[in-house]
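Only one structure is covered here, and it is reproduced in the block below.
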Protein chains: 2
Amino acid sequence: MKNNATRDKLIDSGAQLISQQGYNATGINAVLKTCGVPKGSFYHYFSSKEDFGLAVIERFAIRYDETLIALLEDSDTPPLERLRRYFAAGREYMHECDHATGCLIGNLGQELSGQSDTFRDALNLVFQRWEQRFVHCLNDAQAQGDIAIRTTPEALASFILTGWEGAILRAKTLKSVEPMVHFETILFQQVLVPSP
Amino acid sequence: MKNNATRDKLIDSGAQLISQQGYNATGINAVLKTCGVPKGSFYHYFSSKEDFGLAVIERFAIRYDETLIALLEDSDTPPLERLRRYFAAGREYMHECDHATGCLIGNLGQELSGQSDTFRDALNLVFQRWEQRFVHCLNDAQAQGDIAIRTTPEALASFILTGWEGAILRAKTLKSVEPMVHFETILFQQVLVPSP
DNA sequence: AAAACAATAGACTGACTGGTCTACTTTAAG
DNA sequence: CTTAAAGTAGACCAGTCAGTCTATTGTTTT
């Protein structure tokens with residue numbers, strides 16, 4: 001009943017189109033066309049467009065969490081260096097997509113939070129999971145004496161995630177990673193520093 | 001030919017609906033309905049939905065710039081206090097709209113930057129004008145010895161704007177101003193500080 | 001082999017989209 | 001008073017939307 005190549009193809013095509021155009025601007029027919037699946041199959045696997053959208057979010061979150069673990073919980077690398085690699089990966093991806101795509105979760109958060117509570121809850125959960133990864137990494141950094149956390153690890157993680165998401169948004173409208181670089185520079189220069 | 005109450009009503013209703021639902025999710029008929037204007041008038045004043053959207057952006061940018069000037073260029077108030085008032089106003093507005101609306105320019109930047117270069121350029125211009133207001137205020141702060149700018153005023157302004165926009169986005173999905181508070185706290189505690 | 005079910009296939013529906021069209025009313029100029 | 005233009009009014013259009021429907025094909029289970 002579950003896992004199927006057709007279902008996967010639908011989700012992958014959907015993720016790509018939604019990343020590029022947003023949720024509302026992406027029609028089901030467009031998804032079907034790009035992966036050559038008939039409409040009957042779509043409504044066999046998903047009960048509605050919303051159901052489909054939630055599946056796209058879930059799949060993306062799982063995949064993304066894997067790379068997040070690989071980058072931020074790599075105990076062979078100093079915690080701050082892990083963060084730098086995370087930012088570098090984000091910048092690289094921004095180049096790859098020609099500054100057009102950005103972060104799927106951020107995009108949908110902006111577009112759908114005010115539209116549907118179901119979507120908002122799902123996206124909020126993903127953000128919270130990401131913040132936890134940051135918290136973990138920040139605690140490591142403090143334990144090793146690399147930084148002094150002057151608020152709470154949670155507040156600092158929130159600061160980093162929101163700043164990064166904002167930088168991605170700005171990078172899209174500017175078509176340049178410059179805002180991402182500025183964020184990273186000031187973050188490491190003034191926020192992620194040892195106690196004075 | 002120009003200025004008209006009908007045109008204004010259309011733009012105001014459009015701004016409200018687009019703020020709440022986004023651009024793609026807001027139909028022209030919905031705008032007409034909420035302000036009781038017939039379609040003939042709409043296409044008398046605007047050549048297309050895109051033309052209308054650009055007018056909404058322009059109007060919003062002008063209005064918002066006025067409050068930005070009032071807050072950030074008030075020379076009777078210390079520069080950092082001006083910034084604090086700006087953030088407080090943003091938080092207050094977020095409460096008023098029940099964490100649903102956020103920033104119109106940020107929303108559209110996320111939704112339309114990858115979709116239309118015309119929109120992207122218009123939104124980018126608005127962001128750049130805002131950054132200039134921050135630059136001005138930051139220079140004042142440095143001149144008065146309140147802060148030490150360790151990068152450039154432009155980079156710091158970019159950092160503040162992107163961080164704030166990201167915090168607004170996160171506040172929407174979380175339905176709480178907490179991320180905005182965290183951003184402000186850490187910003188004033190570790191970034192906007194005098195030279196050591 | 002037969003029955004049951006999963007999956008594929010796409011024509012079709014009503015509602016709605018942005019946009020056009022013609023007709024009418026108001027305003028301003030000559 | 002006449003005439004031209006600005007603005008109002010809404011029926012209408014082709015296209016698209018998410019979603020439904022019936023029919024058919026594959027694959028198990030019995």
Side-chain angles (χ1 to χ4, degrees), chain A residues 1-59 107-108 111-112 114-119 122, chain B residues 1-59 107-108 111-112 114-119 122:
Chain A
M1 183 208 180
K2 274 199 163 183
N3 260 1
N4 193 290
T6 305
R7 195 183 129 98
D8 287 352
K9 268 203 291 183
L10 284 167
I11 292 179
D12 285 341
S13 299
Q16 205 183 333
L17 288 175
I18 291 173
S19 290
Q20 284 164 12
Q21 315 171 327
Y23 176 79
N24 288 309
T26 300
I28 289 173
N29 287 319
V31 176
L32 301 176
K33 206 172 169 186
T34 59
C35 62
V37 167
K39 191 165 270 194
S41 296
F42 182 93
Y43 281 96
H44 176 73
Y45 292 108
F46 306 103
S47 63
S48 66
K49 191 188 177 184
E50 174 168 295
D51 186 32
F52 175 64
L54 292 169
V56 169
I57 291 171
E58 194 188 353
R59 160 77 61 92
N107 295 356
L108 293 181
E111 188 179 357
L112 302 174
Q115 206 170 124
S116 149
D117 279 347
T118 314
F119 272 114
Chain B
M1 185 209 178
K2 273 201 165 182
N3 261 1
N4 193 289
T6 305
R7 195 183 128 99
D8 286 353
K9 269 203 292 184
L10 285 167
I11 292 179
D12 285 341
S13 299
Q16 205 182 336
L17 288 175
I18 292 173
S19 289
Q20 284 164 12
Q21 316 171 324
Y23 176 80
N24 288 309
T26 299
I28 289 172
N29 287 318
V31 176
L32 302 176
K33 206 174 170 186
T34 59
C35 61
V37 167
K39 191 165 271 193
S41 296
F42 182 94
Y43 281 97
H44 176 73
Y45 292 108
F46 307 103
S47 64
S48 67
K49 191 188 178 185
E50 174 168 295
D51 186 32
F52 176 64
L54 292 170
V56 168
I57 292 172
E58 194 188 352
R59 162 78 61 93
N107 295 355
L108 294 181
E111 188 179 357
L112 303 174
Q115 206 170 124
S116 147
D117 279 346
T118 314
F119 272 114

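Protein chains get the first letters and strands the later ones, always in sequence-line order, with residue 1 at the start of each.
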Which listed nucleotide (dT8(C), dA18(D), dG19(C)) is nearest to the side chain of Lys39(A)? dA18(D)
Choosing from dG10(D), dT8(D), dT8(C), which nucleotide comes nearest the side chain of His44(B)? dT8(D)
Check this one for me: any side-chain N or O of [X] less than 4.0 Å away from OP1 or OP2 of [N]?
X	N	value
Thr6(A)	dT8(C)	yes
Lys49(B)	dG18(C)	yes
Tyr43(A)	dT8(C)	no
Asn29(B)	dT17(C)	yes

Closest non-hydrogen atom pair, Glu111(B) against Gly22(B): OE1-CA, 3.5 Å
For Ser116(B) and Glu50(B), the nearest pair of non-hydrogen atoms, with its separation, is OG-OE1, 3.8 Å
Atom CG in Leu112(A), atom CD1 in Ile18(A): separation rounded to 0.5 Å? 8.5 Å
[X] [atom1] - [N] [atom2] separation (whole Å):
X	N	atom1	atom2	result
Glu50(B)	dG18(C)	CD	C1'	13 Å
Leu10(B)	dG7(D)	CG	C1'	12 Å
Leu32(B)	dT8(D)	CG	C1'	12 Å
Asp8(B)	dG7(D)	CG	C1'	15 Å
Ile28(A)	dT17(C)	CD1	P	16 Å
Lys33(B)	dT17(C)	NZ	C1'	15 Å
Asn4(B)	dT27(C)	CG	C1'	12 Å
Phe42(A)	dC17(D)	CZ	P	13 Å

Answer whether the closest heavy-atom distance between the side chains of Leu10(A) and Phe52(A) falls below 4.5 Å. yes
Would one find more than 12 heavy atoms of other residues, nucleotides or ligands at under 6.0 Å from atom CD of Gln16(A)? no
Nearest-nucleotide 5' precedence on DNA chain D, Ala30(A) against Ser41(B): Ser41(B)
Classify the nucleic acid contact of Thr26(A) as base, sugar-phosphate or nothing, counting any heavy atom under 4.0 Å across all strands shown. sugar-phosphate
Base, sugar-phosphate alone, or nothing: which one does Gly40(A) contact when heavy atoms must sit under 4.0 Å apart? base
